[in-house]
Amino acid sequence: MVADDVDRVLRRGGGPVMASVAESTTAEDSRLPARGALIAILAGLGLGMFLGALDTMIMASALRTVADQLHGLTLQAWVTTAYLVTMTASAPLYGKLSDIYGRRPLYLAAILLFIAGSLLCGLAQSMYQLAAARAVQGLGAGGLTSLALAVIADISPPDKRSKYQANLGAVFAVASVAGPVLGGFFAGSGEILGVAGWRWIFLINLPIGLAACLLVALLLKVPAKRVQHRVDFGGAITLVLFVFPLLVVAENGREWGWASPLSIGLFALGGIGLVLFLLVERRVGDSALLPGRLFRNLPFAMVNMVNFLGGIGVFAGLALLPLYLQIVKGMSPTAAGLLLLPQSLATTFGARLSSPLMKRFGYQPVLAGGMVVMTAVFAVLGQVGLDTPLWTMVLLVIALGLGLGVFFQVILIAIQDSVPETDIGLASGLYNFSRQIGGVAGTAVFVSLLFGIAGDRVGEQFEAAGPQVQAALSDPAVMSDPANAALAGQLHAQGTVDLNDTSFLAQVDERLAQPVLVALSSSLNTVFLIVGGFLALSVVIALLLRGRGRTAESA
């Protein structure tokens, strides 16, 4: 996938640029590192990219265990969105800053920030501390991918550049496969060397990150050509000011009350952030994080809306599917991670399948088809329950992976095709932006919605419970168990149970666990259907796109 995209960009960016490179081949070759040093530098860059990609995926199967141990399952959206918000806001800045100050110092700063964030994550004692540490991680992760590709452009000859970038692109496929499995393994391992297993999800980053840092620090000596840019710090700051208060309301609005003074104040702060962001972006023009002239281009705006809605589906699936498998189906984190492995493999296959399909049909029907598959999967997930067989879930995650693979591959082609050739580089730089913003919003809103719905439905399930549940609640032998007594006490005092730590479901009487499981399963069904509705909207928008696509012809 990456090789095709890079080759296309190189072909398009040919002309004067490639001619100039050809004329200066001898001079440029003298500046390039020796082959052994080049391979070592690529290894360092690859390790950094692997860490950034892995930490997007590794929490999928581990977050339930982590949140239970930190007594904050209902706060898990913070952990995901904090990482995504800071990574999304910082990524566009790294490229421009590295043009001014050089790649090497910026890359080293990014990896050191990531290592520091990983250490803080491993030491976190609460979900809020973990979310703050993940935000630091995200600040580092924002530079790991963008700077790695820029460094390759500096240190490799033009005829080898696409090959090296493609090799680094394979890192994402490895991370998508390894992430859920490793996350499940560490979360399900109890203690390793006297430290809780889940903390190794982050602590393992330290030696790998330091190795990457050492390789780049010692061997990356080629000076980059520095270009002065106007860096849109104001856009990044006001973007966070816009997004963050709204995430806080999404997380806490139900508890505070949507019309409470605190909620209204945060809504207002987010609105002010949006106004300031738009004003800043208009003032800085083409130096903006999101150049307005691109979004005034209707095809580009439509494709980015598909990307945004697809991001909702991608990250909502990563957050919600492991919860279903671990809470409702009672799977261990390791087993849940292994069950998600076919999705990762299918994603890779779907990406490869989309290229020949685009050559034959163009990108528009292929993109719409991928979104249809994703929509259908969430529609079926809206019907699963406690008794759904695991083979059904395997088929669903495979189908979701195929849809995701097509989406990831084709949406970049569609973005490139929606702008004039002179804007392809700028548009490609925004490829991850709208999808990650969708992921941030989707994760925060839908996880919060899930536990908001579940809290009410747990109480309803116990009120409508049959004689078996009532018999358990009135049985002195059952109530003598502290876990059962604690659940009964919560029901009596609050009319529901505390879902911040769902590990109690494995300890209480099966009859008392059943209403909670039914409520959670039903709530997941509702949220899956809502996500499916957003994906259905993306299908409609994709069908309105026109054109076979000049990029698709050479995909």
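Remember, it's a predicted structure, so these values are computed and weren't measured experimentally.
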Phe504/Val497 under side chain to side chain contact (heavy atoms under 4.5 Å, CB included): CA gap, chis, key distance, verdict = CA-CA 10 Å; Phe504 72 87; Val497 299; 4.1 Å; yes
task = Run the numbers on Leu120 and Arg134 for side chain to side chain contact (heavy atoms under 4.5 Å, CB included), then give the verdict.
result = CA-CA 8 Å; Leu120 291 173; Arg134 288 279 282 173; over 6 Å; no
ask   = What do the steps show when you test Leu320 against Leu524 for side chain to side chain contact (heavy atoms under 4.5 Å, CB included), and what is the final call?
value = CA-CA 8 Å; Leu320 299 174; Leu524 279 163; 4.2 Å; yes
query = When you look at Ile398 and Gln343, which way does the side chain to side chain contact (heavy atoms under 4.5 Å, CB included) test go after all the steps?
reply = CA-CA 5 Å; Ile398 289 173; Gln343 175 182 319; over 6 Å; no
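Among all heavy-atom pairs drawn from Val410 and Ser354, the shortest one is CG2-CB, 3.8 Å. Gln507 and Ala483 make their closest contact through CB-CB, 4.0 Å (heavy atoms, listed as atom of the first residue, atom of the second, distance). Nearest approach of Pro342 to Val397, heavy atoms of both residues: CB-CG2, 4.5 Å. Contact between Ala454 and Leu520 at its shortest, heavy atoms only, is CB-CD2, 3.7 Å. Residues Ala196 and Gln69 come closest through the heavy atom pair CB-OE1, 4.3 Å. Nearest heavy-atom pair across Ser90 and Gly142 is OG-CA, 3.6 Å.
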Less than 3.5 Å apart, which donor and acceptor atoms pair up between the side chains of residues 468-479 and the rest of the protein, not counting sequence neighbours?
from	atom 1	to	atom 2	distance (Å)
Ser474	OG	Gln470	O	3.0
Ser474	OG	Ala471	O	3.2
Asp475	OD1	Ala477	N	2.9

Please tabulate, for the side chains in residues 237-248, all donor-acceptor contacts under 3.5 angstrom to protein atoms that are two or more places apart in sequence or on a different chain.
from	atom 1	to	atom 2	distance (Å)
Thr238	OG1	Gly234	O	2.7
Thr238	OG1	Gly235	O	3.2

Donor-acceptor list for residues 459-467 side chains, cut-off 3.5 Å, not counting sequence neighbours:
none

In residues 299-316, what donor-acceptor pairs under 3.5 Å come from side-chain atoms, sequence neighbours left out?
from	atom 1	to	atom 2	distance (Å)
Asn304	OD1	Ser434	OG	2.8
Asn304	ND2	Phe300	O	2.9
Asn307	ND2	Tyr431	O	2.8
Asn307	ND2	Ser434	OG	2.9

Mind listing the side-chain donor-acceptor pairs of residues 264-281 below 3.5 Å, one per line with the distance, residues two or more places apart or on another chain?
from	atom 1	to	atom 2	distance (Å)
Glu281	OE1	Leu289	N	2.9
Glu281	OE1	Leu290	N	2.8

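The closest donor-acceptor contact from the side chain of Ser522 to the backbone of Ala519 lies at 3.5 Å or more, if one exists at all. Remark: the backbone N or O of Ser418 is paired with a side-chain donor or acceptor of Asn297 at under 3.5 angstrom. A distance-only check finds no donor-acceptor pair linking the side chain of Tyr83 to the backbone of Val136 [under 3.5 Å]. The backbone N or O of Gly455 sits less than 3.5 Å from a side-chain atom of Thr496, completing a donor-acceptor pair. A donor-acceptor contact shorter than 3.5 Å is absent between the side chain of Gln326 and the backbone of Tyr324. The backbone N or O of Leu543 lies less than 3.5 Å from a partner atom in the side chain of Gln364, making a donor-acceptor pair. Looking only at distances, no side-chain donor or acceptor of Ser521 sits under 3.5 Å from a matching main-chain atom of Leu517. Here the side chain of Trp198 pairs no donor or acceptor atom with the backbone of Thr65 at under 3.5 angstrom.
Applying the salt bridge (Lys or Arg N to Asp or Glu O under 4.0 Å) test to Arg199 and every residue at least two apart in sequence or in another chain returns nothing.
One distance of note links CZ of Phe378 with CG of Asn525; it measures 12.5 Å at 0.5 Å rounding. Separation of atoms CZ (Phe446) and CZ (Phe528) is listed at 11.5 Å; rounding is to 0.5 Å. Taking CD1 from Ile201 and CZ from Phe185, the interatomic distance works out to 11.0 Å, rounded to the nearest 0.5 Å. To the nearest 0.5 Å, atom CD1 of residue Ile530 and atom CG of residue Leu449 are 5.0 Å apart. Once rounded to the nearest 0.5 Å, the distance linking CG of Leu505 with CG of Leu512 reads 10.5 Å. Taking NZ from Lys329 and CG from Leu386, the interatomic distance works out to 7.0 Å, rounded to the nearest 0.5 Å.
Looking only at side-chain heavy atoms (C-beta outward), Phe114 and Met87 stay at 4.5 Å or farther from each other. With a 4.5 Å cut-off on side-chain heavy atoms, Met393 and Leu396 count as touching. Side-chain contact between Val531 and Leu381 is absent, with no heavy-atom pair separated by less than 4.5 Å. Val373 has its side chain out of reach of Val406: every pair of non-hydrogen atoms, C-beta onward, lies at least 4.5 Å apart. Using a 4.5 Å heavy-atom threshold, the side chains of Phe407 and Leu535 count as separate. A 4.5 Å side-chain heavy-atom check between Ser126 and Leu70 finds every atom pair outside the cut-off. Looking at heavy atoms from C-beta onward, Ile541 lies out of side-chain contact with Met371 at the 4.5 angstrom threshold.
For CZ of Phe534, the number of neighbouring non-hydrogen atoms (other residues, nucleotides, ligands) closer than 6.0 Å is 12 at most.
Remark: the Gln137 side chain and the Ser118 side chain contain an N/O donor-acceptor pair separated by less than 3.5 Å.
In summary, of the residues considered (Thr347, Leu345, Leu353), a side-chain contact (heavy atoms from CB on, under 4.5 Å) with Phe349 occurs for Leu353 alone.
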